[in-house]
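Please read all numbers here as calculations on a predicted model, not as lab measurements. Both counts, for ligands and for their atoms, begin at 1 and track the order of listing.
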Amino acid sequence: MDKQTILIIGAGPAGLTAGHLLSEKGFQVYIYEAHPELVGGLSKTVNHNGFSFDLGGHRFYTKAPEVADYWHRVLGDKFMKRGRLSRIYYNQKFFQYPLKLADVLQKLSWWTGLNFLLSYLKVKIFPLKNIVSFEDWVTANFGKGLYLAFFKSYTEKVWGRPCHEISKDWAAQRINNLNITKIITQFLKTLFGIKDKEVVKSLIDTFDYPEKGPGMLWQRVREQIEENGGKVYLGKEVSGIHLNKDKYKDENKEEWHLTFADGSEGIKGNHVISTCPLKHLLETLTPKIPSTLIGELPQISYRDFLTVVLMFKKKESFPDNWIYIHDNRVKVARIQNYKNWSPHMVPSDEYTSYGLEFFCQKNDELWSMSDNELRELAIKEVRLIGLPFSEEELDSKVIRIPFAYPVYDHDHQTRSLKIREALKSYPNLHLIGRNGMHRYNNQDHSIKTAMLVVENICLGHQRFDPWKVNQDAIYLEEVIEEKSSVK
Ligand SMILES: Cc1cc2nc3c(=O)[nH]c(=O)nc-3n(C[C@H](O)[C@H](O)[C@H](O)COP(=O)(O)OP(=O)(O)OC[C@H]3O[C@@H](n4cnc5c(N)ncnc54)[C@H](O)[C@@H]3O)c2cc1C
């Protein structure tokens, strides 16, 4: 087989996995990454004066053994098993998550608990008929009481829009493991004084985590790609994705090329693998996408995110890896405690670092605040919540992250089908990963979609369909179609 050239947009988990596996199989790989310094995309780790932090803590957990095998193959014994604790801060108290009714009752009141139960029974006896939105889904599954207390305010902070405008798909994807029957059974037993013989399942789940954060894995993958002869270019923002259809017809193998925001032009390639935001891809493709799709572009939207990391000298901190903040007095939505992810994330145990996560829209009021204003806001909110904190040797870093969350509106599935159909006329263009496919995913989904595209490229035809990978990174069909060929 000729050594084919593969152009990859983005050096996040999806692009790097694809590049890594293809480079191992002898393909000539070129990866172009917009970030000027770091690989890893949303899963990068930033280092700052002896502290390290993720853009939101990144757990390594997957139901797909081939994905776990992959990341262990790359990092070996550099993975640690970590315990998980992540509580909800609501009504100025900390609640266990997943919710435990005894805990809720103890911290709120019996009346509130009864209200939760009655509203739950109500939706079970009179089920909601037309479940379209996040609000419908949570209310139908948990009742209005729990929805208002533990879902509404946080979710609206995350998405910046009312819950009735958010698709039910997001709820089904993110909350499906919360077992309400168990919560209610526990409540009834408590109410009637029946001792619960069942051993309370520990909240402390476990997950894998690289000693120095996820960036450690992705940096190692980058090195291995380069050892295999592949190229990873940083600071290269792709601004044009061009298919030369005439050359393609003549079966000339170099039919794609990329252009960059700095005005330069890249090498020609046989395949393009894109992990950049889907909207950007559609806007920058030539030949242009059909006019019917152009009208859809404004509907493809994203939620942005920023994190303010406070680093200070204090041994004592809170016990969680992160906490969810359900409190309208503050703007922060989640707070990470990085040394509980790994002790290597701080210079020594004498130090602590918190990542205060704010959901926002690029150029909105929060996004546009100066770094200093954000630091002041973060300090004020940490103090208001009452977390252990000190201004001794205080340092801070603000990181703004555009395109952090692909938004699921009510039409996102229909739109996705239309886009996929239209893109069939672009041979050897492969979309993978989170923003590449506009999927609210975890790293394992990005990795799995990359693995399938690599298989297709190696086989020379479209045997596997990455769109059939679900949010658990499980491929839902054995073999798709052998007809559509990949040149
Ligand atoms: C706050 C937060 C917490 C998370 N927690 C977890 C977790 O606990 N566990 C987990 O597994 N996952 C978690 N995730 C999800 C995880 O970050 C993503 O699934 C993963 O990073 C997606 O990988 P990707 O390669 O598909 O996309 P990305 O990580 O988005 O990488 C895409 C890359 O493409 C680059 N790019 C974009 N446009 C261009 C362009 N025009 N030209 C060149 N380069 C471009 C970007 O700079 C980026 O580096 C979390 C995400 C967030 C936001």
If only atom types and distance count, is the side chain of D103 paired as donor or acceptor with the main-chain N or O of Q96 below 3.5 Å?
yes

Which ligand 1 atoms, with their elements, are less than 4.0 angstrom from a heavy-atom of P277?
37 (C), 38 (N)

For H280, the ligand 1 atoms with a heavy-atom partner under 4.0 Å come out as 41 (N)

Numbering the atoms of ligand 1 from 1, which are under 4.0 Å from a heavy atom of R59?
7 (C), 8 (O), 9 (N), 10 (C), 11 (O)

Close side-chain approach of E226 and S23, heavy atoms under 4.5 Å
no

Is there a donor in the side chain of D208 and an acceptor in the side chain of H72, or the other way round, less than 3.5 Å apart?
yes

Results of side chain to side chain contact (heavy atoms under 4.5 Å, CB included) for A149 - residues two or more places apart only
Y90, F116

Are the aromatic ring centres of F142 and Y147 under 6.0 angstrom apart?
no

Does R434 make a cation-pi contact with Y405, if we ask for NZ or CZ under 6.0 Å from the ring centre and within 45° of the axis?
yes

Does any N or O of ligand 1 fall below 3.5 Å from an N or O anywhere on G57, backbone included?
yes

Identify, by atom number and element, the atoms of ligand 1 in contact range of P13, meaning under 4.0 Å from any of its heavy atoms.
20 (C), 21 (O), 23 (O), 24 (P), 25 (O), 29 (O)

Pairs in or reaching into residues 276-289: which pass side chain to side chain donor-acceptor pair (under 3.5 Å), with residues at least two apart or in two chains?
H242-T286

Report yes or no: does a heavy atom of E357 sit under 4.0 Å from some atom of ligand 1?
no

Taking non-hydrogen atoms only, is S446 closer than 4.0 angstrom to ligand 1 via side chain, backbone, both or neither?
side chain

Numbered atoms of ligand 1 (with element) below 4.0 Å of N441, judged on heavy atoms
15 (C), 18 (C), 19 (O)

Where the side chain of N456 meets the backbone of P466, is there a donor-acceptor pair that is under 3.5 Å apart?
no

May I ask whether G436 has any heavy atom positioned less than 4.0 angstrom from an atom of ligand 1?
no

Which ligand 1 atoms does Y32 reach within 4.0 Å, using its non-hydrogen atoms?
43 (C), 44 (N)

Identify the protein heavy atom lying closest to atom 12 (N) of ligand 1, giving its residue, its atom name and the separation to 0.1 Å.
N442 OD1, 2.9 Å

Filtering R434, K44, M437, H58 for the heavy atom nearest atom 3 (C) of ligand 1 leaves H58

